[in-house]
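Reading through the structure tokens given below for one structure.
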Amino acid sequence: MIRSLFEMHWQYYLSIEKMLMKTNQYVTHSNKNIDVYSDEFASIILLSCSELDSLLKQLCINYNVQSKGSYFNMKDYAPAIEKSSLNDFGLSSGIRVMNDNGILLFPFKDIDATKPYANLKWWRDYQSIKHDRIKNVTKGNLLNATSSVAAQFTILWSLTEFIDESQGREYIKKNYWSDYWIPVV
């Protein structure tokens, strides 16, 4: 991956992350509120998962994973996610919340390419929102919003492995981080 492409994805990620962080002014990001839904959470999910779709295609290209159909879907992405050295199901992203009830996320923990939507509830809910937002309004909730942004961050961060060393991969790893996520091992 060339650095300029990564930079474009990174800047877009930061704008979505800021949208999510701003919602904390109205709904505290805690386990007690994971089912709270809003149009803003639905927008964040749609933006984040749409971008994640592009990032996952790039991950597939990098790992030489081919689509089994006429277009990529989560079942195609699952093998690339499993190959990712950063996301070996040990890395997660936790939300930095100043209370004892913060949300701990493992966005790809239950991934299984043999199941619909690769067994990822937040991805299934994204598809539901995308195809009928009004009918699926309650799926535009805090848990799905944080899960989709955590997944986006995790995959974007794993793509740093494909930036050539001569383009500053180590600099990016050292200096590009999130104010929102705390890594959990």
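None of the values given here were measured: they were computed from a predicted structure.
Ring pair H29/Y180 is perpendicular by interplanar angle, where above 60° counts as perpendicular and below 30° as parallel. Using cut-offs of 30° and 60° for the angle between ring planes, the W10 and W157 rings count as tilted. Under the 30°/60° scheme for interplanar angles, the aromatic rings of W122 and F108 are found to stand perpendicular.
Annotation for Y37: atom OH does not count as buried by contact number, only 12 or fewer foreign heavy atoms lying within 6.0 Å. More than 12 heavy atoms of other residues, nucleotides or ligands sit less than 6.0 Å from atom NZ of K173.
If you take CG on N119 and OG1 on T114, they are separated by 8.0 Å, rounding to the nearest 0.5 Å.
Here F162 pairs with Y63 under the ring pair (Phe, Tyr, Trp, His ring centres under 6.0 Å) rule; sequence neighbours left out. In this structure F72 satisfies the ring pair (Phe, Tyr, Trp, His ring centres under 6.0 Å) test together with Y77, sequence neighbours excluded. Remark: E165 engages R169, E170 in a side-chain contact (heavy atoms from CB on, under 4.5 Å) (not counting sequence neighbours). R124 meets the salt bridge (charged side-chain N to carboxylate O under 4.0 Å, His left out) test with no other residue; sequence neighbours excluded. Residues satisfying the salt bridge (charged side-chain N to carboxylate O under 4.0 Å, His left out) criterion with K130, sequence neighbours excluded, are absent altogether. For N175, there are no side chain to side chain donor-acceptor pair (under 3.5 Å) partners, not counting sequence neighbours.
If you check the side chains of T28 and N33, you find no donor sitting under 3.5 Å from an acceptor. Under 3.5 Å, the side chains of D125 and Q127 contain no donor-acceptor pair of N or O atoms. Side-chain polar atoms of Q152 and Y12 form no donor-acceptor pair below 3.5 angstrom.
The backbone N or O of K68 sits less than 3.5 Å from a side-chain atom of D76, completing a donor-acceptor pair. Side chain of N141 to backbone of T138: a donor-acceptor contact under 3.5 angstrom is found. Under the 3.5 Å distance criterion, the side-chain polar atoms of S147 are left unmatched by any main-chain donor or acceptor of N144.
Look at D39 and R133 and you find a salt bridge, because one of the NZ, NE, NH1 or NH2 atoms lies within 4.0 Å of a carboxylate O, short of that distance.
Minimum interatomic distance between I103 and S30 (heavy atoms only, all atoms of both residues): CG1-C, 3.6 Å.
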